[in-house]
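This structure is a prediction, so every number in the text was calculated from the model and none was measured.
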Amino acid sequence: RRQRQMCIRDRIPFCEYFVIFYCLWYPLLIATAIYLFANDDHSFRLYGWFIIIAFTGTLLFCLIFPNGQNLRPAEFTDPNIFTWLVGRLYHADTNTNVIPSMHVLGCMAAVFGLFRCRCTPRWAKIGVIILTVLINASTVFIKQHSILDVIIALIVSVVLYLSLIHISEPTRLRR
C-alpha cells in the first residue's frame, strides 16, 4: 500500500514560541510610522500609502473572495503561557480571510519605508530584516497562515512597492 505523501504544510511544525514575534508586528508598524514621520516625509507618505492600499486591497479581496485555512492544532499538547497566547490570538483572529497575509504586507511596508529613508542607520535596517523574517515565519509556525498566504503577500508587496515608486518618482525612474 502506498503511503500518503506529506505536503509541505504537514512538515511545518507548530511552534507556540513564535507567537512573540507574531505580536511584535504591532509595535513594528507603530515604531516605523513614528520614525519615518520624524525623519523623512517622503518615506513616511510612501509607507502610509503602502499600508492603506495593501490593507484596503486585502479586505476588498477577502470580501469578494472569502478564503480560509484549517491548519490550527485541535488542541495544545503542552499547555504553557505561549499556547495560552496563541489560544487568545485564535479566539480574536479567526482562520478566515488569510490570503494575502496582512502581517507580511505590514512587515514589507516597514522594510521598504525604512530602507527608503536615507537616515535609517545600518543596524536598524539589519534589525528590520531579521524581525520581518521572524514575523513572517511566525505566521506559519503558529498556524495562522500557510506558506501560500506568505508568498502571495510577498508578491503583492513587491508589485505595490514598485507601483508606488513609479507613481511618486516617475522622472527619477526614467533617468
- Query: F76, L89: one ILVMFWY side-chain cluster at the under-4.5 Å cut-off?
  - Reply: yes

- Message: When you group the ILVMFWY residues by side-chain heavy-atom contacts below 4.5 Å and let the links chain together, are V158 and L154 in the same group?
- Response: yes

- Task: Establish, from distance only, whether the side-chain atoms of N80 and E16 form a donor-acceptor pair under 3.5 Å.
- Result: yes

- Task: Would you mind reporting whether F44 and N39 have side-chain heavy atoms less than 4.5 Å apart?
- Result: no

- Query: According to a 4.5 Å side-chain heavy-atom criterion applied to Ile, Leu, Val, Met, Phe, Trp and Tyr, with indirect links allowed, do I53 and I64 form part of one hydrophobic cluster?
  - Reply: yes

- Task: Find out whether N67 and T96 are in side-chain contact, i.e. whether some heavy atom of one side chain is under 4.5 Å from a heavy atom of the other.
- Result: no

- May I ask whether Y35 and Y26 are part of the same hydrophobic cluster, defined by side-chain heavy atoms of I, L, V, M, F, W, Y residues being less than 4.5 angstrom apart, directly or through others? yes

- Message: Could you check whether atom CZ of F37 has more than 12 heavy atoms from other residues, nucleotides or ligands sitting under 6.0 Å from it?
- Response: no

- Message: Is there a side-chain contact between L105 and L160 in this structure, where contact means two heavy atoms from C-beta onward sitting under 4.5 Å apart?
- Response: no

- Report yes if some heavy atom in the side chain of W84 is under 4.5 Å from a heavy atom in the side chain of P79; otherwise report no. no

- Message: In the structure I gave you, are the side-chain heavy atoms of L71 and F14 within less than 4.5 Å of one another anywhere?
- Response: no

- Message: If you apply the rule side-chain contact (heavy atoms from CB on, under 4.5 Å), what do you find for T83 with D78, and how did you get there?
- Response: CA-CA 8 Å; T83 55; D78 182 26; 5.6 Å; no

- Message: Under 4.5 Å between side-chain heavy atoms, counting indirect links through other Ile/Leu/Val/Met/Phe/Trp/Tyr residues: same cluster for I34 and F112 or not?
- Response: no

- Would you call Y17 and S138 a side-chain contact if the rule is heavy atoms closer than 4.5 Å? no

- Check the angle between the aromatic planes of H103 and Y22 and answer parallel, tilted or perpendicular using the 30° and 60° thresholds. parallel

- Message: The test is ring-ring contact (aromatic ring centres under 6.0 Å, His included); show your working for F21 and F18 and say whether it passes.
- Response: CA-CA 5 Å; F21 299 113; F18 273 83; 5.6 Å; yes

- Can you tell if the side chain of M108 reaches within under 4.5 Å of the side chain of V156, non-hydrogen atoms only? no

- Query: Roughly how far apart are N95 CG and Q144 CD, rounded to 0.5 Å?
  - Reply: 7.0 Å

- Query: Heavy atoms, side chains only, cut-off 4.5 Å: are F115 and T120 in contact?
  - Reply: no

